[in-house]
Amino acid sequence: MTDKKQLKARIRARMAKTGESYTTARRHVLGATAVPEDGGWQLKGGHHPGTAVVARLTGIPEPLVFLAGGGIGAGYILWEFKEHNSASLVLAFSNQWQYYDRWMAKTLDRLAVPYTHHTTGGAKGAARRLAAELDAGRPCVVLPDRYHIGYWRLPKELDGYGGHPVIAYRREGGFVHVDDRGSAPIRVPEDRMEAARGRVSSYKNSLYVLGERGEADLAEVAREGLRDCAEHLSAPSDSFSLPAWRKWGRLLTDERNAKGWPRVFADGTRLAGALLSIWECAEAVGIDGGNLRDLFADGLDAAAPLLGRPELGDLAAEYRRICGMWHEMAETALPYQEFGRIRELTAAVREAVLADGEARREDAEELWRLRAEADRARRKVDFAAIAERVLAIHAAESAAIARLREIV
């Protein structure tokens, strides 16, 4: 037991300091181990929620699934809720991140994977459908609300904020067994799963069942996905394409714009939450897999021999450099010296979910208490230092996408 605790502490410390995912940090600390199983279901981990479920159910490597869906994206939105005196920052890094159903449909179509998509407004009907599919031995992709699903132990104020796709692969004794990129089964009570699936109206009770994949030409899949990526990130949208980074970089220091950070955070409060969002979104320690430029680089390396374009390998190296730029920006926004305990607890929650199937109550409660205290405190932040890094990222990604357009 002591050895296991020490191992977890080493993994957690590495995650907090490097921004690595649980899987990467564990690999560095422990090395490769056998793939764990739960009743015959192999728990193979994964990087990004959307691509991980498709990779697991089709057997296609996750980097190629990521390319098939259009690869990376960009998104910046700062929501203000004046009645609650709060601000919520959204940074997004995957293609069509705001429309999961559209992303799923085009990804599966490109990969020649047949599927059925079920939705229903009735909770009981949705529960019966999921039970029938699982009892027939058909794992399902579902989209539960993270607060209601329970194992992340989120606070009540995040009720209804949404979630990400996971695989429900069997049910037993009143529990649904869930694969959420971890190495341990997650057991969710069936009534809790029912409530979680029905909470968010935009994808209420959504359920995907995938069939046997056909003979897709992976070279053509990669080519279509890369062209999609290049076109999408060349669009002029300053919320859902690369101009979003330029917009954000400018707003960080704009004292006249109502959405400028010097005005939104004029009294120095609520800043910690925004800074934590930057770190959690950009780094793989967060729930969603980080900035995904490393996953995209792996996809480019895989596509290079398929397409006979070795220059994609050079572009992969550039995206790994850009991934490092995101890491440095996150470090600038949320330095370990000041926020070390919160970072460590964030890593502890993720590590416990992936390694044990559920976050420890004590860690989660301390994390959200410290976050609330930090958000109430008045603080001064060097917005210009963050802005400089964001604008440098925008320039680097714009040049990289221009190069991708030339290649594909």
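The structure presented is a predicted model; accordingly, all values stated were derived computationally and were not measured.
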Is any NZ, NE, NH1 or NH2 atom of the basic residue among [X] and [Y] found under 4.0 Å from an Asp or Glu carboxylate oxygen of the other?
{"X": "Arg343", "Y": "Glu331", "result": "yes"}
{"X": "Lys259", "Y": "Glu80", "result": "yes"}
{"X": "Asp314", "Y": "Arg403", "result": "no"}
{"X": "Asp135", "Y": "Arg129", "result": "no"}
{"X": "Glu338", "Y": "Arg379", "result": "yes"}
{"X": "Glu366", "Y": "Arg341", "result": "yes"}
{"X": "Glu172", "Y": "Arg170", "result": "yes"}

We want to know whether [X] and [Y] form a side-chain donor-acceptor pair, criterion being a heavy-atom distance below 3.5 angstrom.
{"X": "Thr332", "Y": "Arg389", "answer": "yes"}
{"X": "His148", "Y": "Asp159", "answer": "yes"}
{"X": "His327", "Y": "Asn291", "answer": "no"}
{"X": "Tyr336", "Y": "Glu344", "answer": "yes"}
{"X": "Asn95", "Y": "Trp103", "answer": "no"}
{"X": "His232", "Y": "Ser241", "answer": "no"}

Start with the C-alpha gap between Glu351 and Arg360, add the side-chain angles, then the distance that decides, and say whether salt bridge (Lys or Arg N to Asp or Glu O under 4.0 Å) holds. CA-CA 10 Å; Glu351 175 262 336; Arg360 293 179 67 249; over 6 Å; no
Working to the nearest 0.5 Å, report the span between [atom1] of [X] and [atom2] of [Y].
{"X": "His117", "Y": "Leu210", "atom1": "NE2", "atom2": "CG", "answer": "11.0 Å"}
{"X": "Asp191", "Y": "Phe175", "atom1": "CG", "atom2": "CZ", "answer": "9.0 Å"}
{"X": "Arg192", "Y": "Arg187", "atom1": "CZ", "atom2": "CZ", "answer": "11.0 Å"}

Do the ring planes of Phe265 and Phe383 sit parallel (below 30°), tilted (30 to 60°) or perpendicular (above 60°)? tilted
Mind telling me whether Trp326 and Trp248 have parallel, tilted or perpendicular rings, with 30° and 60° as the class edges?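 Trp248 vs Trp326 ring planes: parallel.
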I need the minimum non-hydrogen distance between Ile407 and Leu312, along with the two atoms involved.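 So the minimum-distance heavy-atom pair works out to CG2-CD2, 3.8 Å.
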Closest approach of Tyr169 and Leu134, non-hydrogen atoms and distance? C-CD2, 3.7 Å
Derivation and outcome, salt bridge (Lys or Arg N to Asp or Glu O under 4.0 Å), residues Glu194 and Lys124: CA-CA 8 Å; Glu194 181 180 318; Lys124 297 303 180 184; 3.7 Å; yes
Check whether [X] reaches the backbone of [Y] with its side chain - one donor and one acceptor, N or O, closer than 3.5 Å.
{"X": "His48", "Y": "Asp288", "value": "yes"}
{"X": "Asp145", "Y": "Gly160", "value": "yes"}
{"X": "Asp382", "Y": "Ala384", "value": "yes"}
{"X": "Thr120", "Y": "Gly122", "value": "yes"}

Does any part of the side chain of Leu91, heavy atoms only, come nearer than 4.5 Å to the side chain of Ile77, both counted from C-beta?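 Side chain of Ile77 against side chain of Leu91, heavy atoms only: no contact under 4.5 Å found.
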Apply the test salt bridge (Lys or Arg N to Asp or Glu O under 4.0 Å) to residues Arg293 and Glu397: give CA-CA distance (whole Å), side-chain angles for both, the deciding distance (0.1 Å), then the verdict. CA-CA 10 Å; Arg293 275 51 186 164; Glu397 293 206 355; 2.8 Å; yes
